[in-house]
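Counting convention: from 1, in listed order, for ligands and their atoms alike.
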Amino acid sequence: MTKRYLTTNQGAPVADDQHSLTVGVRGPILLADTIYLEKISQFDREKIPERVFHAKGAGAFGHFIPYKSFAPLTKANFLQDPDKATTVFTRFSVAGSSLGSADTVRDVRGFAVKFYTEEGNYDLICNHIPVFPLRDPLQFPDFVHAIKPDPVANVRGGPIAASRFWDFMSLRPESMNFLIYLFSDTGTVKSYRTIQGFGVNTYKWVNMCGEEWYVRYYWEPCAGVACIDSKTAAHLAGTDPDVAGRDLYDTIAAGHSVEFEMQVQVIKVEEEEDQPFDILDPTYIWPQDMFPLLPVGRMMLNRNPENFFAEVEQSAFSPAAIVPGIDFSNDRVLQGRIFPYGDTQRYRIGTNYLQLPVNMPRSPVDNMMQDGAMQFRNSDDIVNYLPNTLGGGMPAAAPKKGKTPQEYVSGNVGRQEIPGDNYYQPGCRYRSMSGMEKKHLVSNIIESLSQAYEPIQRRMLEHFMRTDSELGSRIAQGLQV
Ligand code: HEM
């Protein structure tokens, strides 16, 4: 083996990487110090923008195996054969927090899975809370602004942060279902091994005959669900702020796998109108007594990333990454998610982010798209357009897989609110909680809401009263308003 020695990024040998090139011991540094200039300018560019949302995360590789063939429901290649494992990469994250924040803060946890299927990448991007606070994606940037630090002092705690958060929520009462989950102990966790994942949005599965089902996804942790109370969360935030990332890494490094069962709820698309609520509305759960859970398969995470930046920070998930057999419903929030992930990734990582090893499909990529910064997929063909005769005509079109369902949509064009009941489901959830769960929920809400300005407290109280009068009264008592 040739002996390793220090080099520049150009491969030239470096004899001294510790002392800059100066005039004498006390003189200025020379512009000709290429070793210093290269090292410092690489350092200057070490960071890429953090994700606008879900900035802090941890990830692991593994595989997914379905329990049986799901051919009657979907033609998705990775769900056909119980003997076929599909490689996956999963990234868990803390939604509203910035890089460097604590893993245990009260927040939504993200749970994004990339399946490297034979028909391209399929990204299933979930959260650990089953509902979303909005019905319209146009409000998403406002929601994120309201929960992030304020633009003046950039601080997270205290009356301004609490007032901004509750101000927004009190004006968007469709967030009530979400808030009841967030302020229960579900909102504070110390391990990614014990959180559930929820697709939240309604997707479609399509089989070879062109039949379609509406689908809601679940990930159930095989280690069981666990959360922590706010006191433990606050303690860990101070003593072990990266506890969830560390726990995931250490578990896998010790040779254990981290496992989740995929489950789905399905109904035929034609049955949409028969349901007692809007099943395309992500502020609602689909109750399990009405829509039983169907076990689909198991995901085993058993390989740590070799390098955090390369594989976790640069990983890029998008709801637009679907494969034949999986489709979008007209859930407005899902429709609004199709574009922005790839858009922000082109900015956050670069035009050719899908060529990075963690993001690259394991199936062949073949089209006439070209160039852009950091291009590695260089064509040696003079033909880079379609149609053509020079390159042997049109490339073979991908074979049509099964029958394509026909969708007919009509309606008046306009900006229209989706109507909905904001209080029924969160009220039911509150009433189904144990005494201890209710106690924690109430005190967690009081702890945060009591810091907000009083008119906002009053506005929020009305929503809690309408959710459940006992819940509202207990919060009112705690707030003393
Ligand atoms: C209005 C709807 C939404 C919009 C516009 C939106 C947009 C975004 C954007 C721009 C990112 C940053 C992506 C990146 O930098 O790579 C992101 C990340 C993420 N979002 Fe959403 N989002 C929405 C709703 C949701 C919902 C409903 C879920 C859960 C089902 C979700 C789960 C996630 C997760 C888990 C990540 C982090 C992905 C990763 O690990 O890289 N989002 N979202």
Quick check: Arg51 and ligand 1, any N/O pair under 3.5 Å apart? yes
Are Gly57 and ligand 1 in contact, using a heavy-atom cut-off of under 4.0 Å? no
At a 4.0 Å threshold, what atoms of ligand 1 neighbour a non-hydrogen atom of [X]?
X	result
Val200	30 (C)
Phe111	35 (C)
Gly199	30 (C)
Pro137	1 (C)
Val52	10 (C)
Val333	1 (C), 2 (C)
Asn201	27 (C)
Cys126	29 (C), 30 (C), 35 (C)

Please list the nearest protein heavy atom to atom 39 (C) of ligand 1 with its residue and the distance rounded to 0.1 Å.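 So the nearest neighbour among protein heavy atoms is Arg91 NH1, 3.1 Å.
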Provide, to 0.1 Å, the distance between atom 15 (O) of ligand 1 and the closest protein heavy atom, together with that atom's residue and name. Arg348 NE, 3.0 Å
For the pair Phe198 and Tyr218, name the ring-plane relationship: parallel under 30°, tilted 30 to 60°, perpendicular over 60°.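 Phe198 vs Tyr218 ring planes: perpendicular.
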Whether Phe78 and Tyr122 hold their rings parallel, tilted or perpendicular, with breakpoints at 30° and 60°: tilted
Does [X] approach ligand 1 within less than 4.0 angstrom via side chain, backbone, both or neither, non-hydrogen atoms only?
X	result
Thr344	side chain
Gln139	neither
Leu134	neither

Do [X] and [Y] make a side-chain contact, defined as non-hydrogen atoms from C-beta onward lying under 4.5 Å apart?
X	Y	answer
Arg156	Ser101	yes
Arg429	Ser184	yes
Arg298	Cys222	yes
Ile125	Tyr341	yes

Partners passing ring pair (Phe, Tyr, Trp, His ring centres under 6.0 Å) against Tyr203 (at least two apart in sequence or in another chain):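 Residues passing ring pair (Phe, Tyr, Trp, His ring centres under 6.0 Å) with Tyr203: Tyr217.
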Restricting to under 2.8 Å, identify the protein N, O or S atoms around atom 21 (Fe) of ligand 1 as residue plus atom. Tyr341 OH
What's the spacing between Leu293 CG and Gln263 CD if we round to 0.5 Å? 5.0 Å
Can you tell me which residue pairs pass the ring-ring contact (aromatic ring centres under 6.0 Å, His included) test with a partner in residues 84-107, sequence neighbours excluded? Phe61-Phe89, Phe92-Phe111, Phe92-Tyr192, Phe92-Phe260
What pairs of donor and acceptor atoms, side-chain ones from residues 315-325 against any protein atom, are under 3.5 angstrom apart with sequence neighbours left out?
{"unit_1": "Ser315", "atom_1": "OG", "unit_2": "Arg51", "atom_2": "NH2", "d": "3.1"}
{"unit_1": "Ser315", "atom_1": "OG", "unit_2": "Val312", "atom_2": "O", "d": "2.7"}
{"unit_1": "Ser318", "atom_1": "OG", "unit_2": "Ala320", "atom_2": "N", "d": "2.9"}

In this structure, which one of Asp278, Leu280, Ile418 forms a side chain to side chain contact (heavy atoms under 4.5 Å, CB included) with Asp331? Leu280
Is the backbone of Ser41 close enough, under 3.5 Å, to the side chain of Arg45 for a donor and an acceptor to pair up by distance? yes
Return the minimal non-hydrogen interatomic distance between Phe309 and Glu46, and the atom names on each side. CE1-O, 3.9 Å
